[in-house]
Visitor: 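Sending over a structure as structure tokens; questions will come in a sec.
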Amino acid sequence: MDWDLDGRLDIIVGDREGNVYYFRRLPAGGVFLVQEPMVNVAGRPIEVGLNSSPSVVYWNGDSLPDLVVGKSEGFPGGLLLYMNEGSAGQPVFNATDTVTCGGEPIPLYAAYPDFGDMDGDGLEDMIVGNTTGRIPCFINSGTHDEPLFVHYEDLRADGEVLNLYTYVRPSICDWNQDSVPDLLASTYEGTVRLYLGIPGTGMEQTEPYPLPGISLESCANPVRETLRPVIILAADTRVTTMVYSVDGRMLAEEDHGQLRMGTHELRIDVGRLPEGVYMFTCAGAGDSVSGRFVVAGR
């Protein structure tokens with residue numbers, strides 16, 4: 001995006017500490033960037049807690065780039081709005097607001113926003129990656145100058161709700177240049193998946209990938225002593241399960257040994273974990289699958 005409106009693409013990026021950085025592209029020599037001071041609000045660096053995820057959007061139709069920033073903590077709201085009150089080439093942010101849907105803050109954890117016209121009505125809609133693995137699309141029911149979100153729909157692939165069972169980072173693009181929005185989605189394991197939009201639907205996607213080597217059939221919740229995910233293997237393979245905190249720290253690892261092709265119920269001891277929400281990843285057959293579980297009171 002062109003942050004300073006000089007005709008060259010710049011980079012806006014968040015970090016682990018919750019700040020927002022601006023890298024300005026220089027006018028000569030290909031893609032050369034210089035790091036500018038951190039993006040400020042009311043004269044101080046933006047700080048949203050942990051894992052800031054900024055997305056540049058022209059929120060109010062004044063042709064000045066604004067910011068919507070996702071953050072790790074979803075309560076009471078996981079998305080913050082910073083309106084640009086400066087001038088072309090000199091963004092100024094004086095206040096912090098909360099992005100809402102139906103008048104209420106959007107309680108998504110590890111929120112990762114992006115914007116695009118997903119339903120073909122000429123208005124910018126908002127998709128938000130998060131810890132659930134699903135990708136809700138918040139439909140803009142307002143105008144170019146006053147966006148309004150009153151409902152959302154989870155994006156679908158091949159007629160089913162798209163669920164990657166882990167942290168998901170989506171980005172809207174036009175991959176095959178057919179003027180229909182496509183979707184790139186990265187996951188916690190480091191994979192990037194492509195979903196091609198179907199003309200005339202705006203919400204349906206297709207995923208041109210073979211069947212996974214390992215898939216998750218179910219995982220009972222809540223959990224007290226033992227996590228028992230049920231997986232399906234496409235081939236004989238060695239399977240390992242890793243358990244993570246919601247901020248990405250690995251807390252446990254279990255080697256299940258060599259398992260045969262088919263369905264298996266795994267057992268992972270989580271009796272030492274305190275109450276809360278956790279993530280797990282099962283790896284095998286050159287693939288991996290993730291899910292979320294809740295440790296309840298004993």
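Along the sequence shown, residues carry numbers from 1. Keep in mind that what you see is a predicted model, and the values were worked out from it rather than measured.
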Visitor: What class does the angle between the rings of W59 and F115 fall in, given that below 30° is parallel, 30 to 60° is tilted and above 60° is perpendicular?
Guide: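 Perpendicular.
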Visitor: So I106 and M126, do their side chains get closer than 4.5 Å, heavy atoms only?
Guide: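 Yes, at least one pair of side-chain atoms sits under 4.5 Å.
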Visitor: Mind checking who shares a hydrophobic cluster with Y21, ILVMFWY linked at side-chain heavy-atom distances under 4.5 Å?
Guide: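 Traced through the cluster, Y21 reaches I11, V13, F23, L33, M38.
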Visitor: List the atom of P229, the atom of C282, and the distance in Å for their closest heavy-atom pair.
Guide: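 P229 and C282 have their closest heavy atoms at CG-SG, 4.3 Å.
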Visitor: Rounded to the nearest 0.5 Å, what separates atom CG in N140 from atom CG in D125?
Guide: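 Atom-to-atom, N140:CG and D125:CG are 6.0 Å apart.
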Visitor: Show every ring-ring contact (aromatic ring centres under 6.0 Å, His included) that has at least one partner inside residues 273-293, sequence neighbours left out.
Guide: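 Applying ring-ring contact (aromatic ring centres under 6.0 Å, His included) to every pair that reaches into residues 273-293, excluding sequence neighbours, yields Y278-F293.
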Visitor: If you draw a 6.0 Å radius around CZ in R267, do more than 12 non-hydrogen atoms from other residues or ligands fall strictly inside?
Guide: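 Atom CZ in R267 is not crowded, with 12 or fewer foreign heavy atoms closer than 6.0 Å.
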Visitor: Which residue pairs pass the salt bridge (charged side-chain N to carboxylate O under 4.0 Å, His left out) test with at least one member in residues 39-52, sequence neighbours excluded?
Guide: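 Not a single pair qualifies under salt bridge (charged side-chain N to carboxylate O under 4.0 Å, His left out).
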Visitor: What do the steps show when you test L233 against L259 for side-chain contact (heavy atoms from CB on, under 4.5 Å), and what is the final call?
Guide: CA-CA 8 Å; L233 300 176; L259 301 180; 3.7 Å; yes
Visitor: With a 4.0 Å cut-off on N to O distance, would you call R25 and D2 a salt bridge?
Guide: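 No, no charged N to carboxylate O under 4.0 Å.
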Visitor: Is it true that atom CD of Q90 has more than 12 heavy atoms of other residues, nucleotides or ligands lying nearer than 6.0 Å?
Guide: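 Not more than 12 within 6.0 Å, no.
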Visitor: Rounded to the nearest 0.5 Å, what separation is found between the CG atom of D121 and the CD1 atom of I139?
Guide: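 Spacing of CG (D121) from CD1 (I139) equals 8.0 Å.
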Visitor: Verify the cluster assignment for Y82 and M1: are they in a single hydrophobic cluster under the rule of side-chain heavy atoms below 4.5 Å apart?
Guide: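 Yes, because Y82 and M1 connect within a single hydrophobic cluster, where side-chain heavy atoms sit under 4.5 Å apart.
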Visitor: May I ask you to decide if the ring planes of Y152 and F138 are parallel, tilted or perpendicular, using 30° and 60° as cut-offs?
Guide: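 Rings of Y152 and F138: tilted, as their planes differ by 30° to 60°.
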Visitor: Where is the tightest heavy-atom contact between M279 and Y165, given as atom of each residue plus distance?
Guide: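 Looking at all heavy atoms of both residues, the shortest contact is CE-O, 4.2 Å.
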Visitor: To check you understand the geometry: which heavy-atom pair defines the closest contact between G284 and I214, and what is its length?
Guide: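 The answer is O-CG2, 3.7 Å.
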Visitor: Considering non-hydrogen atoms only, spot the tightest contact between L183 and C173 and give its length.
Guide: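 Heavy atoms of L183 and C173 come nearest at N-SG, 4.5 Å.
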Visitor: For atom CE of M261, is the number of surrounding heavy atoms from other residues, nucleotides or ligands below 6.0 Å larger than 12?
Guide: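 No - once you tally the heavy atoms of other residues, nucleotides and ligands closer than 6.0 Å, there are 12 at most.
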Visitor: If we only count heavy atoms from C-beta on, is the P136 to N130 side-chain gap below 4.5 Å?
Guide: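 Yes. Closest side-chain heavy atoms under 4.5 Å.
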Visitor: Decide whether T143 and D145 meet the rule of one side-chain donor and one side-chain acceptor closer than 3.5 Å.
Guide: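 No donor-acceptor contact under 3.5 Å links the two side chains.
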Visitor: Provide the closest heavy-atom pair for P113 versus S55 in the form atom of the first, atom of the second, distance.
Guide: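 Scanning both residues completely, I find the closest heavy atoms to be O-CB, 3.3 Å.
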Visitor: Taking atom CD as the centre, does Q258 end up with more than 12 heavy-atom neighbours from other residues, nucleotides or ligands that are less than 6.0 angstrom away?
Guide: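 Check passes, neighbour count above 12.
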